[in-house]
Amino acid sequence: MSAMIQAGLQHYLIVSVLLFSLGLFGVLARRNLIVIYMGLELMLNAANLALVAFSHFNANLNGQVMVFFIITVAAAEVAVGLALIVALYRKRSTAHVEDLTSLKY
Amino acid sequence: MEHANTTVTAAAPAFSSRPEDLAWFILLLPLIAAAGIAFFVRKSNVLSAVFSIGAVLAAFFLSVGLFITFGIGGEATVTTPFSWIHVGDLNVNLGVTVDRLSVLMLLVVTGVSALVQIYSIGYMHGDRSFSRFFSSLSLFTFSMLGIVLADNFVMMFVFWELVGLSSYLLIGFWYEKPSAGDAAKKAFLTNRIGDFGFLIGILMVWAATGSVSFAGIAHKLGADPAALGSMASIAGLLVFCGAMGKSAQFPLHVWLPDAMEGPTPVSALIHAATMVAAGVYMLCRTFFLYQVPAAWPGPLSFLGSISALDIIAVIGGFTALLAALIAIQQNDIKRILAYSTLSQLGYMVMAVGCGGPDAAMYHLTTHAGFKALLFLGAGSVIHACHHEQDIWKMGGLWSKLPVTFRTFAIGTAALAGLPILTSGFYSKDAILDAAITGGHPVLFGLGVLVAAMTTFYMLRLVIVAFFGAPRTEAAGHAHESPNSMIWPLIVLAVPSVAVAWLPLGDFLSAHFNPHFHPHEGGGIFGPFNHAPLAATFGTGALLFGAAAAFHLYWNAPKDPLPGQLGLIGRAMKNRFYFDEIYDGVLVPLHDMLARLADWFDRWIVSGLIIRGVHGSTELVGRALRLVQTGNLQTYTFMFAAGVAVVVMIALKLK
Amino acid sequence: MSLTSLLLTPFVGALLVLLVPGNYRVIIRLIALLTTAVTAIGAICVFAAFHPGVADFQFEQHTAWIPAAGLSYHVGVDGLNIGLVLMASLVAFAATCVSWDIERQPKLFYILLLLMTGGAIGAFVSLDLFFLYFFNELALVPTFLMMGLWGRGEQKNYATFQITLYLTLGALVALTGLIALYGLSGANTLDIVVLKAWLAEKPLSHQVQALIFPLLLFGFGTLVGLWPFHSWAAPGYAAAPTATAMMHSGVLKKVGLYALIRVTLPLLPDGLAHWTPVIAWLCLGNIIYCGWLAMRQRDLALLLGNSSLAHMGFCFLGLASVSVIGVTGVVLIMVAHGLLAALSFGLLGHLVKVTGTSDMDKLGGLLRPLPFIGAALVAALMAGCGLPGFANFPGEITVMFGVWKTLPGFVVVAAWGGLLIGGVYMLRAIRTVLHGPVKAEFARVEDAGCWRKLPFLVLLGALIYFGVNPGSLVERIKPAVAEVVKAATAKSPATEAAHTPTATAMNTAH
Amino acid sequence: MNYSLLTVEILATLLGVGVLLADLWLPASARKLLGYVAATGVAILLTYALGSGAPADGTAFGGMFVVDAMSNYFKGFFLLATLVVLLMSIESSETLVGYAEYCALTIFAAVGMLFAASANDFILMFVALELITVTFYILVSFSRGRLGSLEAGVKYLILGALASGFMVFGIAFIFGAANTTNFYEIAAKQAELAKSPIFLVGLLLTVVGLGFKIAAFPFQMWAPDVYQGAPSTTTAFLATGSKAAGFALLLRVAFGAVPDITAHWSRLLLGLGIVTILYGSLCAIPQRSVKRLMGYSSIANAGYLLLGVAAASLSGGTAVLSYLGGYIFTVLAGFAVINVVVNRTESDDVSAFAALGQRSPLLATGLTVAMVSLAGIPPLAGFFGKFLLLKAVAAHIGTDKMFLLALLVACVGVVLSIYYYFGVVRAMFWPRNATDLTPIAVGGATRLAVVLCVVGVFYLGICPNALVKTAKQAFAGLNVPATAAEVHTAAK
């Protein structure tokens, strides 16, 4: 056990931040709406991770409760979002962001 | 508020039964007539004339009453029943001064005005703006009486401007003629230059003495002659600026000849007898301002003991000479008379400058009579010759217009100063005498020279216009004018002779000098007794001028002078190019500044700045909205960048 | 008639007009005319009942309005505004009269005109600075709409937006100043009476005053057309319909000046003293520069607009003197110029109506076919170059007297501008428009008919009345002016104490 | 637990569900009726909430849900906005496919707002916000037949989810640092929390999420596109309800949870406000699309409101609340008109409004009043709000010159705004070229909406006392400690 590194709060947080950054990178760099959306889910999950970690180390269950809320909301969001993207795809036959520029300036 | 020979009745109940309150009626009657004509009887020519003439005649008789009262030892009074503006230490009352100066002037103004108005019935007959003419004349009479009666600077300035307005209206009476419109404009603006100085002068005097009323200022200056400080002479000269405008002194004389565009009765009344004399009257009224010791501010201290009066005298003398020179080479009958008026005004101003306000007023009075006569006579001639004004297109009129000729001759004699018989002799003599006693020998010589020239150009006019053979059809068929025009001529001819035998000079001298005693050995030969030098030289000048005129012009088919005088003659004929200089220098200068301001406003303020701000704002808006590319990728990127920036700034705020 | 009912009359009139169907044109016109007539008569009654020689506010009415923000409805008149109220209502009446010919959407026109009237009167009688601003801004939208809908000329659009933006910017800058006054004084009120008492006890420091004053000067100054913020005025008035030009140049323009006197003299004496030289120089910009501009104009409307700016210069000059005489003169000019500007623009409106142009090069000889309008125009233009007999003269001369002792050099220049430059362009206008031979196409144009002369006669009559008898105004103005000037010039010990340490602190900082 | 505190929320939810269910049984021809039913329901709720139904102050859900003056203040406006939006939507009941869902979703969004007004905990705040946001994803893209609507929906979706992501992450940090998500508890230990960078970063990320809702710079990108693309009724709701909800939460977080930190960050907020005003105003100038213009205008207004928040004082908060009150009426009046015109002309270009003054005086009056009020000119509500805001900002100019700058920028912003708002007014009254002069008939519901809003705008402009008083009480209820400036003022 002693050889194993004790995983402290900051380790969880680092992972969480990395996850968040990955998600953000996905949002910023990818062109496909679906992929962007996946990045966004990643960001939410990074938050979940951080919450769980804090909850654990603060010995406060509220964080975990929050996570449930987030998961639920994310599910709802995904449902609406994917439906929207599908509707758009039906209309334009594309899910690329650069094709979505009829509203500008 | 006690002045040497003035009693001030401040804030007395309006119109008690004192005789001097008549002055208010004299003042207001013409105004009522003017308003009545303008508002009620505009459509009726007869009623207009009746209103106007009735008012001025009534005013005249009231003036006669006042004159008699004051002529026989009445005491000068100032009545100030109305407060016009009273705020802080600015206290302006509406008041009238009734003293020898003003009652005499009242008489002149109402008298000449009445005669001119009667004359106008004939002269303006058939004009479609007949009633407007009488309304304007009444307005003018009112304004002029206001100047005469004013008891303070502000009130005088008010009427000063109103006189300017009525003169503007009357010069531009035939406004459809472009030249009339231009002349009216020029007269008004030139006068305004003078008024500008006048106003500044008033402000200076007020600041130094704390009063605008003549009595108050005179009292203050009497107690402390140095009250005006180093600006004493400047203030005097600035006030004189007003007189320079109204009395058409060099260099503001250019408007008067042009003013002859107005109907001839107007020229007679305003531009010969009354308004142009206002400047001289004002100088006499405010003579106390010039009796203080000369004082100049630092930069002008080199002027030393030269007083404002000296400068005024020189300006007056110069104007007299200049105008006489020009008059010699004019051919328009009214212009000759106009320049003659200028010259005589210069004479009067010179008299004031030489310390002889009584002489100036004397000449003013006599001049008003005979110059009005000459103008009305000229009007009669012009009327008879179908509006021909060039004397070289007349000739032989003496037999066709007998009354006009005789009265015109009397006027000419008076202007030339025919000894003993005419009033002009006495007043001119008083001026020449004042120049000597005032210690101005050069000006005396100049006066004599001008006197000779006056005789010369007046005789030139008479000889060319009335003698010889008619040079045109119109002159050949001339008829004597109607009675309404003839009678005023005859009436005016009377004072040109009769005033000569009244002790008017003494009457005036007593006003300016309470210790004045009439000269021994007065009577009609008085001048030869107590001012022999002036009288002799004056008579000599008359004879010389007359001889020269007869020599050159008797039976001359055309003017021989231009050939002999050459370049100078041309300059004289062209009025020494003053109009050209003004038109070429002063007007363009102001126009250029205006053009510059306009350019600046159009291109810099409205263009560069306002349109620039407008345009650049719009440009920034257009550029900025390009950020909104419509591309989600850009948006998310900016969002993330924004988060980073906000977090960084927020944490820096620590 | 109480001030509140005077103030409400135009709004009630507007409401009545609103309720009348748009096609009953005559009824709409009559309601509007009657409303302004009642307002004018009411104002005359108030003017007559006003006790001269009293410095305090009269006809005061006071109601808490928005206590949560420390704002109250407080109206009253004293010498500073009594004349302006009278002038505003007379001008409004005249403006309504000359608008009789409005054919397009008369209902909207009269509603807007009445709103403008109510706004102007409200701005003058309000003693709470919030309401002063409030009522002044009330006129902005009517101005905009009237200029846009009934305006004339090719530049209409640009001029409309320019005037709107300029006036808003000016008003907002002034509002900023007022709000700063509100906030920094700590009085938590904009009621002028309370503020005055408060600041007399605890004056603002010299620095703060010098900071707030320019906001008010340039803000309110812009509303008046203080150089160099004058560009909106002339083209704006040229593009505006007659009634709007009359109301705006005559009445609304005065609100800025009135507010400047009302606020700065008693409340910001140090700020005023600090900025006096600037005002003096800028006013020459108005008098001389705008005079020159007027000289160059070929359009009578632009000429009148610029000349009106030149007149405003005299007001600033008088303000710069901070003397009883000078400020009294300013108030006199404000009243006189209001009447005069309205008269000039009203006459111009008639000219444009009958000839279709205000280009002086195209006009000429109009005195013959238009004897009444022509004569009235001569009178107006003459009054505009300071002829005695009209109310402008006593105002301008009083200002010059008031300023002479402190700024003689400026008076000289101003007198040159007023007498000479003013004379030049006014006479030029008379010469080109009225004198000379009449052009064939204008030989038969119609003069003002019988009762159409009424608005001009009312304005001309008022001008002459106050010109001949300025005492009736001066006696009313004087006490109030003496009061504010006393406040502006008397240095209270508190002020000295407040700014001496600051000055020392600044010196040590350097 | 005291469920009576949630009466309004519960009733509103029931109403939404009811509308949704009613649609199942109603014939297609009676759809329009649903709009009226929904509107009537909301109207009853509104009177209930303002009148007898206003619950006494208290908390529920363990302090998560609070009822106080502020929540009541906002709830009134949320219900009002919902009512007007529903009235407006009746006009477009034919064009919106699935109109019943539209009404129901609008009510659900309103429920989210009602919860947001009462949220006193980051968890409830998040949930309420998501309820609003997710329903808006659908509302924005409701005109599925129009590409613009879909595109706007997707953009709102992605950016909204991004903002949520940041916010959730921020909440996690806050929770980590404070060990609580309750505002009261955080307020109690804000002194020590202010030293914790984790807490500050978390707070900032949360504020970012709120900044997105209120469309403050630099999180404003979505606003113009979404405003333009969404159905007009949705845009109206977005501009009023959603924005107000954002501010309700911002005020609660800023002054209910971390007032000291807010005061410390006031220059940041001020800077954001300044930039937001300038950005919104400048970009709006060249706009031809009125809805897009309203998007930029909404950004600019967010800037003004931020100035009030930055003032961090009682007067600042009061100003923000009063401003929002007037703003809601104003914007709704504007959109009620825009909705009709866009429906009739199928264009939101300025030229579509040409000669509206002749085509429909009522609509023209409504839009003019809205534009003039937005420009901040008396006697309309917009003026008074701006006045209070500027006043709150001006109180600081003695101490911080940046506030003077903000004041001047606000003035410039107003002048710029006059330029574009009055451009619309001009188009209505004197268009360059108006071809179509046929009168526009306006339905009763819209008529009611326009009149209601116009009267409100005038009332709040002329007699704002009640509003200001309520706003003051509401804000004071947050227990904001007096700031330095106010202590200073009070001492004078």
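Nothing here was measured: the structure is a model prediction, and the numbers come from that model.
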Of the backbone (N, CA, C, O) and the side chain (C-beta and beyond), which part of D/Tyr296 lies under 4.5 Å from a heavy atom of chain A, both, or neither?
side chain
Shortest non-hydrogen contact from D/Ala172 to A/Ala47?
CB-O, 3.9 Å
Could you look at A/Val97 and say if it's the side chain, the backbone, both or neither that has a heavy atom under 4.5 Å from chain D?
neither
Return all side-chain donor-acceptor pairs below 3.5 angstrom for residues 67-92 of chain A, not counting sequence neighbours, or 'none' if the list is empty.
{"unit_1": "A/Thr72", "atom_1": "OG1", "unit_2": "A/Phe68", "atom_2": "O", "d": "2.6"}
{"unit_1": "A/Lys91", "atom_1": "NZ", "unit_2": "D/Gly145", "atom_2": "O", "d": "2.6"}
{"unit_1": "A/Arg92", "atom_1": "NH1", "unit_2": "A/Asp99", "atom_2": "O", "d": "3.0"}

Please find the pair of heavy atoms, one from A/Asn58 and one from D/Phe175, that lie closest to each other, and give the distance.
ND2-O, 3.4 Å
What distance do A/Tyr37 atom OH and D/Leu157 atom CG have between them, rounded to the nearest 0.5 Å?
4.0 Å
Heavy-atom closest contact (D/Gly148 atom, A/Leu103 atom, distance):
O-CD1, 3.6 Å
Which residue pairs satisfy the ring pair (Phe, Tyr, Trp, His ring centres under 6.0 Å) criterion with at least one member in residues 142-166 of chain D, sequence neighbours excluded?
A/Phe20-D/Phe166, B/Phe639-D/Phe166, D/Tyr102-D/Phe142, D/Tyr137-D/Tyr156, D/Tyr156-D/Phe212, D/Tyr156-D/Trp222
Among A/Thr101, A/Asn60, A/Leu51, A/Leu13, the residue with the most heavy-atom pairs under 4.5 Å to chain D is A/Asn60
What's the spacing between D/Leu159 CG and A/Leu40 CG if we round to 0.5 Å?
9.0 Å
So, taking the atom named OG in A/Ser102 and the one named CZ in D/Arg146, what distance separates them when rounded to the nearest 0.5 Å?
9.5 Å
Does the side chain of A/Leu24 reach to within under 4.5 Å of the side chain of D/Leu162, using non-hydrogen atoms?
yes
Rounded distance [0.5 Å steps], CZ in D/Phe122 versus CG in A/Asn62:
13.5 Å
For the atom pair CG (A/Leu100) and CG (D/Leu150), what is the distance rounded to the nearest 0.5 Å?
9.0 Å
